[in-house]
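First up is the structure itself, then whatever we jot down about it.
Just so you know, these numbers use all the heavy atoms, side chains as well, and skip hydrogens, waters and symmetry mates.
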Amino acid sequence: MFRTLRRALCVAAALLLPLAGTQSAHADVDARAGAGYWHTSGRQILDAAGQPVRIAGVNWFGFETANHVVHGLWARDYKSMIDQMKSLGYNTIRMPYSDDILKPGTMPDSISYDGKNTDLRGLTSLQVLDRIVAYAGQAGLKIVLDRHRPDAAGQSALWYTASVPESTWIANLKSLATRYQGNPTVVGIDLHNEPRDPACWGCGDTARDWRLAAQRAGNAVLSVNPELLIMVEGVQSYNGAGGWWGGNLMGVAQYPVQLDVPNRLVYSAHDYATSVAQQPWFSDPSFPANMPGIWDRYWGYIFKQNIAPVWLGEFGTTLQSAVDQKWLSTLVTYLRSTSAYGADSFHWTFWSWNPNSGDTGGILKDDWQTVDTVKDGYLAAIKAPGFAGGGSGPDPGGPGGGTAACSAAYTVSSDWGGGFNAEVKVTNTGSAPLKSWKVSWTWTGSQKVTSMWNASHTQSGAAVTAVNATHNGSVPTGGSASFGLGGAPGGGGVPSVSCTAT
């Protein structure tokens, strides 16, 4: 989001658009499309079976904020939120996050557990993200993870800051790519949100050249999960032409992003209306007829020249002014209706699902329940078919069959120097129920387990293995179990833990 004027911080039976009986030979999107991981072919995105798909979704923000979790869970259950997105005809969620959620033990804030979100109680932010991914996969929605901020304090012009260097950015991207490896609900990663001045495209300065940084990060992600789509946003300025943060992709013509794995690159632009900021084209006497030419110049040419798919990752407005209403109507036409063109179209995720985006508002109104039917109605022509729920691979939360897998999180609950207590939470991250599990770690010091509850253990030197008790070995998909321990001496910190489904 273009942030200079933000006053507040700022998706089965999906609504399928009628595709039959249209005039266009392109209108051949199959409602069953979307299975497995996706890849690109020219300007189209294809599913694992080679069928074209169209991303038509919303941004659901919050993981990038100090709440460290999607907003609105104080008012709604996350499952009902996802169900409503699906019922409205959105098929993808762009999920902004900050690197803060990758820090061990980061906990979410402002979740109501009063008759809702009860399965999220006690989970870390990453574990909540796991639950959302799992349920979205069941519902047939895809997720694009968006590295929105280096930390919750705010966006950054470049992909790194003094406190979050490039090495951390890349390590965290790889960690997320690995975390969801084999789960095609997470179809892609947007490497960094809205690069802006002094970021450049093609200038060759490794400290500022976003195109080179995107290549480094994209190849790092693909080295651990070669199936993911890599979404690369634009910059703000190129050859003297300024625009929206992240919205300028003019440099692609001369300096395309080059990835080691072919057919994984999607270019992404952002575009906004006057409720966010003024731009010279809004006061052009020919407005809104001038807008298609503006979009062609900044990012549309990439699609029209069949270079790569183009995804409008953010666009939004309060719709209060006549200028903004004309802008959105013209933009929807430019993005190409699904009834006429099927998936041979621009991809998009609207900003935002949340009502608490200060200069755009959202699809939901302030009660987090009621739909802004006028705003939602503008998008009707570009909504697209949903995807089959449950996923085709090891999808967390997928029904039946599947693969057993787990993760573990170790938290020190107290440490008094001479000893300590810790809790370990085991989460079923696979697509089948766990029958049993074991967790292993190695302390860096002389710590010994003095007691353990809800699990049994063996220790050899600094290496510890804990095995479930009889009552908590069975863990449903997306569920969790915990055990605790006492140890001595204190000061051992948090070791790296691994979980094995047995």
Side-chain angles (χ1 to χ4, degrees), residues 17 19 22 24-57 91-92 94 140-145 177 181-191 211 214-215 217-219 221-223 225-234 249 251-269 295-296 299-313 334-349 382-388 391-393:
L17 298 178
L19 301 180
T22 62
S24 172
H26 297 289
D28 54 4
V29 177
D30 190 317
R32 296 169 296 174
Y37 279 108
W38 296 351
H39 61 282
T40 69
S41 177
R43 68 189 190 182
Q44 291 192 336
I45 297 177
L46 308 179
D47 69 8
Q51 297 185 87
V53 294
R54 184 178 199 183
I55 295 173
N91 64 24
T92 303
R94 180 176 181 259
L141 302 183
K142 294 291 187 176
I143 301 282
V144 175
L145 299 174
Q181 188 172 22
N183 180 0
T185 298
V186 178
V187 73
I189 297 183
D190 188 340
L191 297 177
R211 176 250 191 179
Q215 289 182 170
N219 285 327
V221 168
L222 293 171
S223 73
N225 190 345
E227 304 293 341
L228 286 172
L229 294 177
I230 303 298
M231 277 70 171
V232 179
E233 297 187 27
L249 285 161
V252 169
Q254 185 174 357
Y255 303 104
V257 171
Q258 297 176 335
L259 299 176
D260 295 336
V261 180
N263 305 317
R264 294 294 181 271
L265 174 63
V266 176
Y267 289 106
S268 178
W295 294 322
D296 281 349
W299 44 268
Y301 76 94
I302 296 171
F303 172 85
K304 294 187 175 182
Q305 296 179 20
N306 202 38
I307 296 170
V310 175
W311 170 46
L312 193 60
Y334 182 83
L335 295 177
R336 299 163 65 108
S337 71
T338 303
S339 61
Y341 297 98
D344 186 28
S345 304
F346 292 95
H347 304 271
W348 58 274
T349 41
I382 54 174
K383 291 180 182 178
F387 313 118
S392 59

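Contact detail for Gly313 and Arg94: the closest heavy-atom pair is O-CD, 3.6 Å. For the residue pair Leu228 and Ala177, the shortest heavy atom distance occurs at CD1-CB, 3.7 Å. The two residues Arg336 and Ile382 make their nearest non-hydrogen contact at O-CG2, 3.5 Å. Shown here for Arg264 and Pro226, the closest heavy-atom pair between the two residues is NE-O, 2.7 Å. Residues Gly36 and Ala48 share a closest heavy-atom pair of CA-CB, 4.0 Å. The minimum heavy-atom distance linking Ser268 with Leu249 is given by the pair O-CD1, 3.6 Å.
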Quick one: do Met231 and Ile55 satisfy side-chain contact (heavy atoms from CB on, under 4.5 Å)? Show the steps, please. CA-CA 12 Å; Met231 277 70 171; Ile55 295 173; 4.2 Å; yes
Show the numbers, then the answer: is there a side-chain contact (heavy atoms from CB on, under 4.5 Å) between Ile230 and Leu191? CA-CA 7 Å; Ile230 303 298; Leu191 297 177; 3.7 Å; yes
For Arg54 and Leu335, what are the C-alpha separation, side-chain angles and deciding distance, and is it a side-chain contact (heavy atoms from CB on, under 4.5 Å)? CA-CA 11 Å; Arg54 184 178 199 183; Leu335 295 177; 4.0 Å; yes
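The side chain to side chain donor-acceptor pair (under 3.5 Å) test applied to Gln215 returns Arg211, not counting sequence neighbours. The side chain to side chain donor-acceptor pair (under 3.5 Å) test applied to Thr349 returns Trp311, not counting sequence neighbours. Shown here are the side chain to side chain donor-acceptor pair (under 3.5 Å) partners of Tyr334, two or more places apart in sequence or in another chain: Asp296. Considering only residues two or more places apart in sequence or on other chains, Trp348 meets the side chain to side chain donor-acceptor pair (under 3.5 Å) condition with none of them. Remark: Ala253 engages Tyr301 in a side chain to side chain contact (heavy atoms under 4.5 Å, CB included) (not counting sequence neighbours). The side chain to side chain contact (heavy atoms under 4.5 Å, CB included) search around Ala308 returns Tyr267, Ile302, not counting sequence neighbours. Asp260 is linked by a salt bridge (charged side-chain N to carboxylate O under 4.0 Å, His left out) to nothing, counting only residues two or more places apart in sequence or in another chain. Checked against ring pair (Phe, Tyr, Trp, His ring centres under 6.0 Å), Trp38 has the following partners two or more places apart in sequence or in another chain: Phe387. In this view, Phe303 and Phe346 satisfy the ring pair (Phe, Tyr, Trp, His ring centres under 6.0 Å) rule, not counting sequence neighbours.
The side-chain heavy atoms of Lys383 and Thr338, taken from C-beta on, include no pair separated by under 4.5 Å. No side-chain heavy atom of Val252 sits under 4.5 Å from any side-chain heavy atom of Val257. Side-chain contact between Lys142 and Pro184 is present, with heavy atoms from C-beta onward closer than 4.5 Å.
At distances below 3.5 Å, at least one donor-acceptor pair connects side-chain atoms of Asn306 with backbone N or O atoms of Arg43. A donor-acceptor pair is defined here as one N or O able to donate and one able to accept, closer than 3.5 Å; such a pair exists between the side chain of Asp47 and the backbone of Gly34. With hydrogens and angles ignored, the 3.5 Å screen pairs a side-chain donor or acceptor of Tyr37 with a backbone N or O of Asn183.
Interatomic distance, OG1 of Thr92 versus CG of Leu141, reported as 7.0 Å (0.5 Å rounding). Interatomic distance, CG of Asn263 versus OG1 of Thr40, reported as 4.5 Å (0.5 Å rounding).
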